[in-house]
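Following: one structure in structure tokens, then a few remarks.
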Number of protein chains: 2
Amino acid sequence: MELKDIQQLLHEHKFRVTKEREAVLLAFIDAGRMFTPAQLHDYVKERYEQVGLTTVYRLLETLTKVGLATPFLIDGEIYYTFCPNQHHHHFVCLQCHQVKELFQCSAQQAVDVDHQVGTVEYHKLDFFGRCRSCEEEKHC
Amino acid sequence: MELKDIQQLLHEHKFRVTKEREAVLLAFIDAGRMFTPAQLHDYVKERYEQVGLTTVYRLLETLTKVGLATPFLIDGEIYYTFCPNQHHHHFVCLQCHQVKELFQCSAQQAVDVDHQVGTVEYHKLDFFGRCRSCEEEKHC
DNA sequence: ACCTTATAGAAAATCATTTTCTGTAATGGA
DNA sequence: TCCATTACAGAAAATGATTTTCTATAAGGT
């Protein structure tokens, strides 16, 4: 999914894509990792341009509404991942905070089985651990 | 898992079980639903006895450390579920906030497969939707 | 170009959570 | 059982992330 598509999706929901939002979006997509709002703010400031922290909060809120971002609670901090696809599962590295998208869903079967207890609206299957490169760096 | 076992587990970690903590624990276990700290505080106050909000926060923190509770981020609110088992998956009702424990794990297979991207430390598989009774009440 | 409506961003406000502090109570050993 | 040690309870204050407010500005449609 490209920037163009995202802009269109936002337009469909009557959100506007300003240069500030574009800067944050570019950073968010490029980075391929999860951020707290404050972290993303710093990241954008360094690489693209100065935007307000409020703007970052608002864009993350908007993206979440549209389904393009997902908040995670990890160690008491709220991290956001960029989610280009509806049905997504992540592998989240607890060390470098990189996020890898998984393109298979072994949980679909489970969804069907567990339908017994109620109507499943959505499910989350996420893996947490250390990615290859973090492992190879052999931190103590 | 009974109150007795929980008390022992807390003891092993050198935590003390006071009458206040026991009251909160009983409420938490009995209710079979998820709570925000404030909600649990109100719940305990109504049914058992008056305890401080700080105490509730501290017990939830303690239980989380020991692995007996898990925080969830839902609609920007942090909810805690009681987790008597290590390896647990939930069905969370978005309406009544009841939590049902699922005793099968269809994700184990996925864990093995996705081992390629890194070392999986833990995974989460959770289902969100509406439980039977909420469905049958037919809210609009 | 104009009009309507959403956004940017600083500043203030809010509110959940944490910390501090003092009195109290639980635990383990003598 | 008593004492010493250490953790806890809870009120009050502090913290800090997030939200709200407000005014100027900019985007998109006509």
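- A:F28 and A:F82 have their aromatic ring centers within a separation under 6.0 angstrom.
- Here the two rings, on B:F35 and B:Y43, have centers that are under 6.0 Å apart.
- Checking D:dG28, C:dT17, C:dT19 against every side-chain atom of B:T54, the shortest atom distance belongs to C:dT19.
- One can find a donor-acceptor pair under 3.5 Å joining the base of D:dT6 and the side-chain atoms of B:R16.
- In this structure, the side chain of A:H41 does not engage the main chain of A:V56 through any donor-acceptor pair within 3.5 Å.
- Separating the NE2 atom of A:H41 from the C1' atom of D:dA17 is a distance of 14 Å, rounded to the nearest angstrom.
- Mapping B:E77 and B:F15 onto DNA chain C by nearest heavy atom places B:E77 closer to the 5' end of the strand.
- Between the P atom of C:dA8 and the CG atom of A:L60 lies a distance of 12 Å, rounded to the nearest Å.
- Across all strands shown, A:R58 has heavy atoms under 4.0 Å from base atoms, whether or not it also approaches the sugar-phosphate.
- In this structure, B:E22 atom CD and D:dA9 atom C1' are separated by 15 Å, rounded to whole Å.
- Of the inter-residue distances, the one linking A:I6 atom CD1 with A:L25 atom CG reads 5.5 Å to the nearest 0.5 angstrom.
- Listed nucleotides: C:dA16, D:dA11, C:dA11. Nearest to the side chain of B:Y57: C:dA16.
- Across D:dT20, D:dT18, C:dT19, the shortest atom-to-atom separation from the side chain of A:P37 is found for D:dT18.
- B:Q7 and B:R21 share no donor-acceptor pair across their side chains, judged by distance under 3.5 Å alone.
- Between the CG atom of A:L59 and the P atom of D:dT19 there is a distance of 14 Å, given to the nearest Å.
- The CD atom of A:E20 sits 14 Å away from the C1' atom of C:dA10 (whole-angstrom rounding).
- OP1 or OP2 of D:dA9 has at least one side-chain nitrogen or oxygen of B:T18 nearer than 4.0 Å.
- Residue B:L40 contributes atom CG, which lies 12 Å from atom P of C:dT17 at whole-angstrom precision.
- Counting to the nearest Å, the C1' atom of C:dC15 and the CG atom of B:L53 are 12 Å from each other.
- One can place CD of A:E61 at 14 Å from C1' of D:dA17, the figure rounded to the nearest angstrom.
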